[in-house]
Amino acid sequence: MTEHSSVHRSSTQHSSTQNSSTQHSMMRRVTGPGGGTRDGRLADLLDGLVDRSRSLRRHGGRVAATIGAVVTPLGWSLALAVALAFLAGYAFGWAELVAIGWTGAVLLLAAGGYLIGRDAYRVTLVMPVTRVVAGERAPGLVGVTNSGRRHLSGVSIEVPVGEGLATFVMPGLTRGAAFEDVFLVPTTRRGIIAVGPVRTVRSDPIGLVRKERVWAEPLDLFVHPRTLSIPSMSTGFIRDLEGHPTRNLTTDDVSFHALREYVAGDERRSIHWKSTAKTGTFMVRQFEESRRSHLMVALSLFEGDFASDDEFEMAVSVAGSLGIRAIRDGRTVSVVVSGRAQAGSQAGRRSRAPRRMPAARPLSTISRARLLDGLSGVERADTALPLPGLATVAAESVAGISVAFLICGTPTTLAQLRAASTQFPSGVEVVAVVCDPEAPPTLRRVAELSVLTIGFLEDLQKSLARSAAA
């Protein structure tokens, strides 16, 4: 039993010695002379390769983006043709293709030379006048100064003007030299024209490469609609700037109406003492409430309210003429145009489904320039609110209206004009101006609605005078 135990212990010790020897030999295979493991060095090498590949990809992406920003589609086409010419020429031994390939390569290298150069410019864009009437001249000035210490080679200068492009060729500039050029902006039609930004362009004569750099910020040129000077006595048909009396009676105003007996609650300062002494009964003064003149101009932008662009442009001019006259007279004036229908929701007990909500957009009437700036940017739209809906929104949103002008084109029917006029409170003078180019001016009255049809903007003045006298 003892002998068996000793043999077992001896076998166990021998097995432990072998395991230790095996582990030691494995450590010798893994461990290097410097004390580090080979697996660790391999991991470091792989990490370095991954970092290097990432860095190369980043730099490669930047280089590709830089090349892609300056090479034009024609340049890429030529580069592809050069590569194919080289491959086919050397593969099949075609000397002609090889010559074509080298010719294209020389052209690409020569085109790249045009991109070399410094851009130490100081570029300015000046518009002496930023507001003009349609048809007037609108000049612009581009100035370039060499702010560097070295001679600068000539480049092309481009100035976007609306949908067009003004191009200048700038010669080389010595240190401190300047270059200026003037261009004219076409203003045949009302609108807001974006001028700029100014950019310098380096490119080869063939158009293989193109390098742009933006300098001056863009400017907005407001092309105002043509307006007409209207006599102040005919706008709104209200000659008293302090207001005109209404049928509403009050105890405190300017226009005296009558005397009545005192009623509990009347103010003591309203008592007319002379009449009280004569009658022996307290008598108070009664006045007609005066309402100050408030002119409202509603211009429809609905596509279906106008048959042509000429009708719409005339309508914009009419709105501007009426608004400017009221501003000059110091009257309270509101100019509203059709807004786009907005999706809204109305909380209801039974249904919460969204519905289309009408909208109207007011224009600034702080000054003549602000009003015309707003009218410069209005355009027709299929989604704009038609005239009857615009009248409804305007009547609800603008308080104290005394005279309302509704401006539209020939497609708007008399029934629609009548429906639009009924949206205003009783006592409001409603005048519809129908723009029908080259038509004879006419005046019609339908109940309390006056309908003016004008063929030329100049007809507005006479038509308003006739309507005021009628």
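Computed over heavy atoms, backbone and side chain alike; hydrogens, waters and symmetry mates excluded.
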How close do R361 and L301 get, counting heavy atoms only, and between which atoms? NH2-CD1, 4.4 Å
What heavy-atom pair brings T365 and V335 nearest, and what distance separates the two atoms? CG2-CG2, 3.9 Å
For L390 and A298, which heavy atoms make the closest approach, and how far apart are they? CD2-CB, 3.9 Å
Rounded to the nearest 0.5 Å, what separation is found between the CZ atom of R370 and the OG atom of S364? 4.0 Å
Just verifying a value: how many Å separate S317 OG and L228 CG, rounded to the nearest 0.5 Å? 9.5 Å
May I ask you to say whether D309 pairs ionically with R380, meaning some side-chain N is under 4.0 Å from a carboxylate O? yes
Residues passing the side chain to side chain donor-acceptor pair (under 3.5 Å) test with E313, sequence neighbours excluded, are R189, R190
Is it the case that over 12 heavy atoms from other parts of the model lie below 6.0 angstrom from the CD atom of E458? yes
With a cut-off of 3.5 Å and sequence neighbours excluded, list every side-chain donor-acceptor pair involving residues 165-184.
none

Going by atom types only, do T410 and E311 share a side-chain donor-acceptor pair under 3.5 Å? yes
State whether a side-chain donor-acceptor pair under 3.5 Å links D436 with T453. no
First locate atom CG of L417, then atom OG of S450, and finally report the distance between them rounded to the nearest 0.5 Å. 11.5 Å
Between L375 and G320, what is the shortest heavy-atom contact and its length? CD1-CA, 3.4 Å
Classify the side-chain pair D373/H224 by whether it contains a donor and acceptor separated by less than 3.5 Å. yes
For I401 and A394, which heavy atoms make the closest approach, and how far apart are they? CD1-O, 4.1 Å
Would you mind checking if E217 and R199 are paired as a salt bridge, meaning a charged N to carboxylate O distance below 4.0 Å? no
Closest non-hydrogen atom pair between Q461 and S229, with its separation: OE1-O, 3.6 Å
Side chains of R202 and S153, donor plus acceptor under 3.5 Å: yes
